[in-house]
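This structure is a prediction, so every number in the text was calculated from the model and none was measured. First the proteins, then the strands, lettered A, B, ... as listed; each starts at 1.
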Amino acid sequence: MLSHSWIKPLCNRGNLLFALSLGRRATMFHSCSALHFSFQEKPSISRKRKVAVFRELRHVNNLNDAVCVFHQMVRTQPIPSVIEFAKLFRVMINMKHYSAVVSYFTEMRKLGISFDDYILTIVINCFCLLDRAEHGFSVLGIFFKSGVQCNVVTFSTLTRGLFEQNKIQDAMWLFQKLVTEKICELDEVMYGTVMNGLCKKGHTQTALSLLRIMEQGDPKPNTVVYSIVVDALCKDKMVGAAFNLFNEMKRKGITPNVLTYSSLVDGLCKLDQWEKVRLLLDEMMFLHIFPNVHTFSMLVDAFCKKGMVEDAVQVLQLMIQRGQRPDAITYNAIMEGYCLRAEIDVARRVFDSMVASDIKPDIFSYNILINGYCKQKKLDEAMHLYCEISQKGLKSDIVTYCTILQGLFEVGRVECAESFFSEMQNAGHSPDIYTCGVMLHGYLKNGHVEKAMSLFHRWDKQKEDTNILIYNTGNGGFFKIQKLDKARSIFDKLYSIGLHPDAITYNVTVNGLCIESLVDEAKELLRKMEDNGSFPENATSNLIVHGLLKSNTANEAIALLKEIVGRGFPAGKATMSLLIELLLLIGEGPFLVNMIPEFHPRNEK
DNA sequence: ATAGGGTTAG
């Protein structure tokens, strides 16, 4: 029996419990009666008919066509098999008409058309794709009531939906139920779904524990399962651990594939370990596992982000030589690379060359270019591109709006930004954490402190979607209007809402306090920081030193600097030159000599 | 069931 003590037990899971209690009854039912499989009776259809329906499906291009086919099917006698309905639903899912699938399934049931586990799973998948995994449980109810046996795919679908809606505990609870109550045989896909969900929601270690559990039991982890964890470790920047697991799977004879290698390549690139990247690429090619468009795009992106666009272009040429066709994502990376170097015109030419080589720019392409123009304060160009989006049949997304909003605030066009903010909401995008951050900062930067603060309070009331950045910005605002108590209370509140102050929090607060000449309180904060295990950055120390200098306590400033440097904290150039200046000023030459080893480059940040 | 891209703070 597997041990799952790491899964937190749940309480108050109303509909889950309901469905699962039905589940127990249904399982018993199955074991004693096969009669309930009468639903499975397949109407006999001539080969000719089958072909006719299938052919029409190939020409279904919109919802209307699909609806016509559905009505045609239900009017046909004998009624086509459930497999034909499932095919139609698949087509509808590909067109993203998820709710239509749900309504037509309801229609089918009303008409008394039989259904099977396969089509019920399709319906569950539609609920999940609609972000309504909880409705998936009512479909489970249909299974149990009708006596159709669920299968493991049903449950992996449901589990995936729960993870995607961030209902991690529910997903784990369901998984645990499946394991302990043996509702169905779990396969690698089910384990893979759970592990992927855990990894994507930041629980890599839990996924790793599950991998270890799998190794003890059955089924054994396969390439996919290992690759999921390898990828997550890479994303967590634990590339060493990822390589250990990678070597372990190789030792056990589980062959890594191009995905496993690509994850590792990406992890190494992001940590600048280029020599290891080269070795790994050699290794995979030696094993005839060839880099594909994903692998190459990762390399292109990594070079671009480091400002090495020329190298990225070489990779691009290499991939074309090797017969891997770059796609929009590859070109977008190159465009971003040029934008980061403020070469927006070159980026624009890449965009045009993309169109010329028949690769359709997507919304990312537009967002990257728009951001490039905004950063150059070329708002007219940015707006022009924004208008082009809908002309090209694409849809602006929240990132598009957020980017332009920031651009407008940056050039001081506050009213434009406000009306654009409304435009965004009219287009059906509710502000997210990014837009909130941009609006807050934009208002503050342009002196609309009251507006910023009211926005902050409104956001602060809903606590689901928040982060430290919002509080840092809000904090800066409170200092700006000298609401020190508010600022202090924010600082104390952070932990209670599960946020941790970061370097910027301390800087904003220290800076605010020093401006108010509350240098002692700032120093106190520095101690608090240490207690919390965070080290002050150069900027933080500099702020306090400046604060002390402002309050004419040069000696105290020096004492503090001595302490900072003496304890091995990295003191940056600015701090050090300040210190040297001061020491010379008050004739502390000998101390300066002692300081020299500390002024070693290793202490630079 | 697994891999690549864009937006926020000092």
Nucleotide of B:dA1, B:dT7, B:dG4 approaching A:D266 most closely (side-chain heavy atoms) = B:dG4

key: Protein-nucleotide distance (A:L259, atom CG; B:dG4, atom P), rounded to Å   = 9 Å

request  = Would you tell me if any nitrogen or oxygen in the side chain of A:N472 comes within less than 4.0 Å of OP1 or OP2 on B:dG10?
outcome  = no

key: Length of the line joining A:I368:CD1 and B:dG4:C1', which is rounded to integer Å   = 12 Å

query = What integer distance in Å separates A:K395:NZ from B:dT7:C1'?
reply = 18 Å

message = Can you say whether a donor on the side chain of A:N222 sits under 3.5 Å from an acceptor on the base of B:dA1, or the other way round?
response = yes

ask   = Looking at A:Y471 versus A:F456, is the centre-to-centre ring distance below 6.0 Å?
value = yes

message = Under 4.0 Å, heavy atoms only, any strand: does A:D301 hit a base, just the sugar-phosphate, or nothing?
response = sugar-phosphate

Sugar-phosphate only, base, or nothing, as touched by A:V293 at under 4.0 Å among non-hydrogen atoms = base

task = Write down the distance between OH (A:Y366) and C1' (B:dG5), rounded to a whole number of angstrom.
result = 16 Å

key: side-chain hydrogen bond (donor to acceptor under 3.5 Å, both in side chains) contacts touching residues 448-459 of chain A (sequence neighbours left out)   = A:E418-A:K451

message = Using a 4.0 Å heavy-atom cut-off, does A:V224 contact any base of the nucleic acid, only the sugar-phosphate backbone, or nothing at all?
response = base

ask   = Ring centres of A:H288 and A:F290 under 6.0 Å apart?
value = yes

remark   = The side chain to side chain contact (heavy atoms under 4.5 Å, CB included) partners of A:S419 (sequence neighbours excluded) come to none

query = Heavy atoms under 4.0 Å, any strand shown: does A:D187 hit a base, just sugar-phosphate, or nothing?
reply = nothing

key: Per-pair stack call A:Y434 and B:dT8, 5.5 Å, 30°   = no

query = Under 4.0 Å: is that the gap between some side-chain N or O of A:K375 and OP1 or OP2 of B:dT8?
reply = yes

ask   = When we call it a touch if two heavy atoms are under 4.0 Å apart, what does A:T330 touch: a base, just sugar-phosphate, or nothing?
value = base

key: Qualifying residues under ring pair (Phe, Tyr, Trp, His ring centres under 6.0 Å), relative to A:Y401, sequence neighbours excluded   = A:Y386, A:F420, A:H429

remark   = From CG of A:D362 across to C1' of B:dG4 the rounded distance in Å is 12 Å

ask   = Atom CD1 of A:I468 and atom C1' of B:dA9: how far apart are they, to the nearest Å?
value = 10 Å

ask   = Does the side chain of A:H441 get closer than 4.0 angstrom to OP1 or OP2 of B:dG10 through an N or O atom?
value = yes

task = For DNA chain B, determine which residues of residues 401-413 of chain A have any heavy atom closer than 4.0 angstrom to one of its atoms, and list them numerically.
result = A:C402, A:T403, A:Q406

inquiry  = From the set B:dG10, B:dG5, B:dA3, return the single nucleotide nearest to any side-chain atom of A:N292.
reply    = B:dA3

inquiry  = Closest approach to the side chain of A:D502, judged atom by atom: which nucleotide of B:dG4, B:dA9, B:dG5 is it?
reply    = B:dA9

key: Whole-Å gap separating C1' (B:dA3) and CE (A:M319)   = 14 Å

key: Phosphate contact (B:dG10 OP1 or OP2) by A:K445 side-chain N/O below 4.0 Å   = no

inquiry  = Once hydrogens and angles are ignored, does a donor-acceptor distance under 3.5 Å link the base of B:dA3 to the side chain of A:N257?
reply    = no

request  = Provide, to the nearest angstrom, the distance between the NE2 atom belonging to A:H500 and the P atom belonging to B:dA9.
outcome  = 22 Å

note = Quick note, A:K200 side chain, CB onward, closest among B:dT2, B:dG4, B:dA1 is B:dT2

key: Under 3.5 Å side-chain donor-acceptor pair for A:N472 and A:D502   = yes

query = Closest to the A:I504 side chain: B:dG4, B:dT8, B:dG10?
reply = B:dG10

Sugar-phosphate, base or nothing in reach of A:T193, heavy atoms under 4.0 Å = sugar-phosphate

key: Listed partners of A:R90 passing side chain to side chain contact (heavy atoms under 4.5 Å, CB included), at least two apart   = A:I93, A:Y118, A:I122

query = Considering residues at least two apart in sequence or located in another chain, which fulfil the side chain to side chain contact (heavy atoms under 4.5 Å, CB included) criterion with A:T204?
reply = A:A232, A:L233, A:D236

request  = Would you indicate what A:L444 reaches in the nucleic acid, counting non-hydrogen atoms under 4.0 angstrom: base, sugar-phosphate, or nothing?
outcome  = nothing

task = Look at A:K480 and B:dA9 and indicate whether a side-chain polar atom (N or O) is within less than 4.0 Å of OP1 or OP2.
result = no

ask   = With a 6.0 Å cut-off on ring centres, are A:F155 and A:F175 close enough?
value = no

